[in-house]
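Working notes for the structure below.
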Amino acid sequence: MVMSSSYVEPNSNLSVTERGRRLAAISSAESAVAPLATPALILGVILLGLGMGGLLRLGDWAGNYGPVLVVLAYLLYMAAAVRLALWGVVTVWSLHRR
């Protein structure tokens with residue numbers, strides 16, 4: 001018998017993975033921080049724009065502070081900005097979808 005990673009219940013056409021994603025989106029939209037989704041989306045987009053602008057200075061910073069430190073700091077900054085923007089998009093989308 002071959003086991004698959006996605007299980008479909010008999011009375012549903014959604015897999016468990018899809019149902020979990022839908023529940024996560026609904027629960028994030030109904031949480032107490034859901035009103036912060038729009039400002040988070042705007043801030044995330046601004047941070048991403050500033051991060052793209054920071055690409056011009058990466059060479060100077062790498063020369064002054066070391067390339068490993070600068071690349072790690074830049075990747076951490078961009079990951080946080082992307083995560084903030086994605087959370088805002090998903091939450092705003094799920095709020096307006098209802």
Side-chain angles (χ1 to χ4, degrees):
M1 176 180 218
V2 176
M3 300 292 286
S4 74
S5 62
S6 105
Y7 170 76
V8 178
E9 291 189 17
N11 297 332
S12 173
N13 60 355
L14 292 176
S15 69
V16 173
T17 307
E18 291 171 13
R19 186 173 297 137
R21 287 184 189 142
R22 177 171 288 166
L23 288 174
I26 290 171
S27 64
S28 70
E30 294 174 351
S31 72
V33 294
L36 298 175
T38 303
L41 174 59
I42 293 168
L43 181 63
V45 170
I46 290 170
L47 290 174
L48 285 170
L50 291 173
M52 292 298 159
L55 281 172
L56 300 173
R57 301 280 319 261
L58 278 183
D60 294 337
W61 293 333
N64 292 336
Y65 304 109
V68 174
L69 178 65
V70 170
V71 168
L72 288 176
Y74 182 77
L75 290 177
L76 181 62
Y77 173 87
M78 290 302 284
V82 166
R83 181 65 184 126
L84 182 65
L86 284 178
W87 177 80
V89 166
V90 168
T91 306
V92 166
W93 181 70
S94 65
L95 284 172
H96 289 282
R97 192 176 60 173
R98 292 200 238 149

message = Quick check against the 3.5 Å criterion: does Ser94 have a side-chain atom that pairs as donor or acceptor with the backbone of Thr91?
response =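 Flag set: sc Ser94 to bb Thr91 pair under 3.5 Å.
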key: Pairs flagged by salt bridge (Lys or Arg N to Asp or Glu O under 4.0 Å) wherever residues 55-77 is involved - sequence neighbours left out   =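 Applying salt bridge (Lys or Arg N to Asp or Glu O under 4.0 Å) to every pair that reaches into residues 55-77, excluding sequence neighbours, yields Arg57-Asp60.
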query = Which pairs, with at least one residue in residues 33-55 and sequence neighbours excluded, count as a salt bridge (Lys or Arg N to Asp or Glu O under 4.0 Å)?
reply =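 Qualifying pairs, neighbours excluded: none.
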Joint cluster assignment, Leu55 & Trp61, ILVMFWY side-chain distance < 4.5 Å =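 They do share one cluster, since a chain of ILVMFWY contacts under 4.5 Å joins Leu55 to Trp61.
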key: Residues forming a side-chain contact (heavy atoms from CB on, under 4.5 Å) with Val45, sequence neighbours excluded   =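 Val45 satisfies side-chain contact (heavy atoms from CB on, under 4.5 Å) with Leu41 once adjacent residues are dropped.
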inquiry  = Please give me the minimum heavy-atom distance between Ala34 and Leu95, naming the atom from each residue.
reply    =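 Nearest pair, atom of Ala34 first, then Leu95: O-CD1, 4.0 Å.
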request  = Specify the closest pair of heavy atoms between Trp87 and Ala40, including all atoms of both residues, with the distance to one decimal.
outcome  =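 That closest heavy-atom pairing would be CZ3-CB, 3.6 Å.
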ask   = In Å and rounded to the nearest 0.5 Å, what is the OG1 to CG distance from Thr38 to Leu43?
value =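 These two atoms lie 12.5 Å from each other.
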Under 3.5 Å, sequence neighbours excluded: what are the donor-acceptor pairs made by side chains of residues 69-86?
unit_1: Tyr74; atom_1: OH; unit_2: Gly51; atom_2: O; d: 3.0
unit_1: Tyr77; atom_1: OH; unit_2: Leu47; atom_2: O; d: 3.1

